[in-house]
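Please read the structure below before turning to the comments.
Below, chains carry the letters A, B, ... as their sequence lines are ordered, and counting in each starts from 1.
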Amino acid sequence: MISLPPPNQQTLARRAEIVAALSAIVPGDGVISDAVRLKPYETDGLAAYRQMPLAVVLPRTTEQVAAILRYCHQNAVRIVPRGAGTSLSGGALPMEDAVVIGLMRMNRILEIDLDDRLAVVEAGVTNIGITNAVAGDGFFYAPDPSSQLACMIGGNVMMNSGGAHCLKYGVTANNLLGLKFVTIEGEIVTIGGAHLDAAGYDWLGLITGSEGQLGLVTEVTVRILRGPEGARAMLAAFKGTEIAGAAVDAIIASGIIPVALEFMDKPCIHACEAFAHAGYPLDAEAMLIIEVEGSTAEQDDLLNRIKAICERFDPISLKVAESPEQSLAIWKGRKGAFGAVGRISPDYLCMDGTIPTSELPFVLKRIGEMSEQYRLGVANVFHAGDGNLHPLIMFDANDADSFRRAEAFGAEILTLCVEVGGCLTGEHGVGVEKRDLMTVQFTARELDQQRAIKSAFDPQWLLNPSKVFPLQAAAE
Amino acid sequence: MNDLLAPADEAALAAGIGAAHAGREPLAIEGRGTKRGLLRPVQAARTLSTRNLTGITLYRPSELVLSARAGTPVPEIEAALAEKGQHLIAEPPDTRGIFGAAEPATLGGIVAANLSGPRRISWGSMRDHLLGIRFVNGAGEVLRSGGRVLKNVTGLDLCKLLAGSYGTLGVMTEITLKVLPAPEATATLLVQVPDVAAGVRAVSAGLGSPFGVSGAAVLPGVPILAAMRLEDFAASVAYRSERLREALVAFGAVTLLEGEASRAFWREVRDAAPLAARAEEAVWRVSVRPSAGPAVARVAEALGGRALLDWGGGLVWVAAPATAAAHGALVAAAAPSGGTCTLFRAPEALRLSVEVLPPEPLPLAAIAQRVKAALDPAGILNPGRMRAGT
């Protein structure tokens with residue numbers, strides 16, 4: 001269990017005064033302070049951790065956000081920024097002595113410019129909302145985290161979210177042009193804009209993925225891209241995880257960069273098939289979903305090349321979608337993977353390490369051994385092209401010992417990821433979940449350097465407290 | 001020439017910076033010094049160079065990852081990649097022509113300047129493919145950020161902070177990049193357009209097509225040309241060239257460059273060769289909203305200069321008389337769309353007398369000062385390189 005520091009009693013004692021001040025900034029129904037209405041905010045996508053916030057404030061404008069931050073800064077009140085609350089690492093977990101600033105009411109699309117291929121949106125617009133707004137013209141916003149129906153662009157920026165298609169299109173950081181950023185002092189600054197390369201330090205790059213440690217983002221200028229003529233998926237099933245890994249290597253080595261290259265192991269195939277009836281091969285040890293783009297003839301050409309490569313690896317089955325409907329069916333199981341595992345286990349923890357792809361067979365073998373050692377099931381689903389692993393550790397939250405073992409199992413997997421040359425988190429963020437593992441990846445000096453940069457933005461450490469950085473050594 | 005320190009390894013480089021930190025002695029930081037003429041000159045008695053930190057330290061083609069020491073010449077990296085049929089995604093410009101440098105740039109220099117070429121419009125900049133760095137901060141500490149895997153959001157992203165910081169925040173010693181397979185084939189469609197604005201509309205139509213345009217430039221001249229590149233498997237390039245031609249004929253007569261002719265064309269665009277900057281002229285890179293590019297090009301012409309538009313119109317290279325008035329006019333031309341104007345090359349007197357980079361809003365300037373102090377407490381790394389007094 002990750003420890004959270006005891007709340008600041010002075011702040012708790014000033015609660016009524018803080019709520020009154022926030023209500024003056026966001027009048028009407030903009031502040032929530034009663035227990036019943038605060039309850040939905042007590043957790044995020046990492047539901048094992050819960051804390052009631054001091055209060056929730058729901059601004060509608062950047063100016064209100066600035067005024068809230070100014071007040072909190074002047075009065076030393078801590079802040080937890082929140083979008084849709086879908087973080088899987090506890091990035092939006094409230095603190096008892098902190099005000100949650102929820103940006104969901106800032107949900108307007110301010111500008112769409114197809115000629116310059118950009119959209120300006122407020123932080124509370126959902127990820128899919130951006131694509132929906134431009135899809136009629138054949139455009140899309142590329143990063144597609146699995147929570148894209150709910151998650152908001154502001155949260156995507158703060159966590160530098162990825163998705164299944166980033167092998168080709170990159171992650172959030174690669175698809176942004178500008179931000180409206182509010183400093184802890186309540187200053188509103190424009191970073192970047194409608195142009196590609198801003199001069200000077202890359203604030204856009206530093207803020208993206210900073211997990212709410214540096215300031216708040218209220219508006220985002222994203223790049224939108226014209227979609228391909230079409231896309232189609234194929235499925236390839238193999239007798240061993242090592243063989244599937246070798247097939248992935250061979251595909252990449254052939255010069256083809258599929259738009260998506262997903263890997264599932266046997267437990268995951270079974271869970272997904274039971275859930276989605278997608279026609280997955282139940283006798284396979286590993287399965288790849290490979291998607292390509294282009295005209296029908298281009299898709300045929302690429303899929304034939306990939307098929308020929310897979311045939312060298314003695315596949316159990318190869319199934320090429322003959323239509324967009326068949327592609328959807330292939331994807332259906334994968335997209336429902338988390339839900340499918342949720343059906344066979346009361347609870348699960350979703351890990352998010354990244355490894356060099358050549359280490360895949362070794363890492364999967366070790367995860368299998370750990371699964372026996374910790375007496376907990378695990379299903380692996382994996383963005384194979386970029387080495388981003390999502391082991392789903394199954395446990396029962398009503399059994400404290402099972403939760404303890406699940407957390408220890410997860411920590412051991414992530415430590416292994418770092419040991420083989422990878423990292424703790426590929427797209428979910430450190431949040432509260434992986435905070436104490438940061439010392440596995442970074443030296444004390446490296447963490448101190450990051451802390452010093454955090455202090456340059458937030459000298460009192462009021463922003464998203466008790467996350468990202470291990471507590472013990474926190475200087476401030 | 002001032003004193004040159006060229007340590008043989010990272011430990012010696014860190015010791016050198018540590019000593020300079022202790023003695024509060026400013027250091028000019030460079031690779032092979034090919035971009036000394038870029039931005040502002042540094043006032044320092046000693047220069048620290050990464051030129052002896054060379055060599056590729058890791059290359060895994062099937063993992064799309066390459067690491068090299070910062071002083072490795074870029075052509076050496078390009079050659080190693082080409083041997084395995086891969087390439088640097090951001091296609092960084094070779095600035096030897098512009099700066100009159102004899103030696104090739106180092107990887108560290110290209111990343112520290114975050115210089116990207118034509119493919120930036122569709123495949124991202126140098127910093128977008130920067131997976132990890134080892135660097136020495138201004139206190140002489142050896143630190144890492146990122147790693148060698150393609151997806152990594154662990155901790156603050158200091159890779160992006162250091163890319164484009166021109167050696168003012170730390171000295172990179174080793175750099176890990178994502179690389180990609182080089183395309184099997186390439187072709188370029190050249191559309192004759194009546195004016196630059198029509199050219200930007202044409203490339204905008206190309207970039208808004210589903211055919212994966214990976215270069216989009218407008219070359220003023222006679223005739224004015226809008227150029228769009230396709231890169232893929234040969235059958236795809238053939239098919240897409242035809243479809244793109246159909247989509248573009250409305251803008252003007254279309255001709256096709258294939259194979260080596262297409263590659264040579266984009267090398268020239270990448271290096272701003274069509275700009276034909278004369279020795280006495282200054283060179284600017286103006287980054288604007290693409291549809292605002294033509295207005296910048298008009299200002300360049302009014303100044304008696306020339307423009308070359310890349311990135312769909314969003315990057316305007318300008319060559320014009322090296323005067324403060326010309327600089328002011330281009331800064332003003334970038335402003336309406338919120339863009340930025342960088343004085344890329346100029347005589348030292350001009351570089352010292354104007355703001356070579358646009359100033360930052362005050363709250364950000366204050367943060368920048370604190371971030372600089374967090375990384376380089378004694379202010380010894382490349383003082384004044386980007387802005388006077390910082």
For this session: Under 4.5 Å, counting heavy-atom pairs only, tell me which of A:Gly387, A:Ser295, A:Gly209, A:Gly353 racks up the most with chain B.
Result: A:Ser295

Exercise. Chain A heavy atoms under 4.5 Å from B:Glu184: which part of the residue, side chain, backbone, both or neither?
Worked result: side chain

Problem set entry | Heavy-atom proximity to chain A below 4.5 Å, by part of B:Arg120 | both

Exercise. Between A:Ala452, A:Cys166, A:Pro356, which shows the greatest number of heavy-atom pairs under 4.5 Å with chain B?
Worked result: A:Pro356

Problem set entry | side-chain contact (heavy atoms from CB on, under 4.5 Å) assessment of B:Asp376 paired with B:Leu169 | CA-CA 6 Å; B:Asp376 176 20; B:Leu169 299 178; 5.8 Å; no

Problem set entry | B:Arg370 atom CZ, neighbour heavy-atom count above 12 within 6.0 Å | yes

Exercise. So, do B:Tyr166 and A:Tyr201 have ring centers that fall under 6.0 Å from each other?
Worked result: no

Exercise. What residue among B:Ser291, B:Ser337, B:Ser204 forms side chain to side chain donor-acceptor pair (under 3.5 Å) with A:Asp116?
Worked result: B:Ser291

For this session: Give, as side chain, backbone, both or neither, the part of B:Leu207 having an atom under 4.5 angstrom from any heavy atom of chain A.
Result: both

For this session: Using a cut-off of under 4.5 Å on heavy-atom pairs, state which of A:Trp203, A:Phe457, A:Phe139 scores highest against chain B.
Result: A:Trp203

Problem set entry | Part of B:Pro361 within contact of chain A (heavy atom distance under 4.5 Å) | side chain

For this session: Would you check, one step at a time, whether the test side-chain contact (heavy atoms from CB on, under 4.5 Å) holds for B:Leu58 with B:Leu66?
Result: CA-CA 6 Å; B:Leu58 176 139; B:Leu66 177 139; over 6 Å; no

For this session: Among A:Ile252, A:Asp386, A:Leu206, A:Asn175, single out the residue with the greatest number of heavy-atom pairs under 4.5 Å to chain B.
Result: A:Asp386

Exercise. Looking at B:Ser145, B:Ser209, B:Gly146, B:Cys341, which one has more heavy-atom pairs under 4.5 Å with chain A than the rest?
Worked result: B:Ser209

For this session: Let me know if B:Lys84 has heavy atoms under 4.5 Å from chain A in its side chain, its backbone, both or neither.
Result: neither

Exercise. For B:Val288, is it the side chain, the backbone, both or neither that has a heavy atom under 4.5 Å from a heavy atom of chain A?
Worked result: backbone

Exercise. Checking side-chain contact (heavy atoms from CB on, under 4.5 Å) for the pair A:Thr221/A:Leu179: CA distance, chi angles, key distance, verdict?
Worked result: CA-CA 6 Å; A:Thr221 305; A:Leu179 302 174; over 6 Å; no

For this session: Can you tell which part of B:Glu360 gets under 4.5 Å to a heavy atom of chain A, answering side chain, backbone, both or neither?
Result: side chain

Seminar exercise, completed: The interface call for B:Leu375 against chain A, heavy-atom contacts under 4.5 Å, is both

Problem set entry | Proximal component of B:Asp232, with respect to chain A [non-hydrogen, under 4.5 Å] | neither

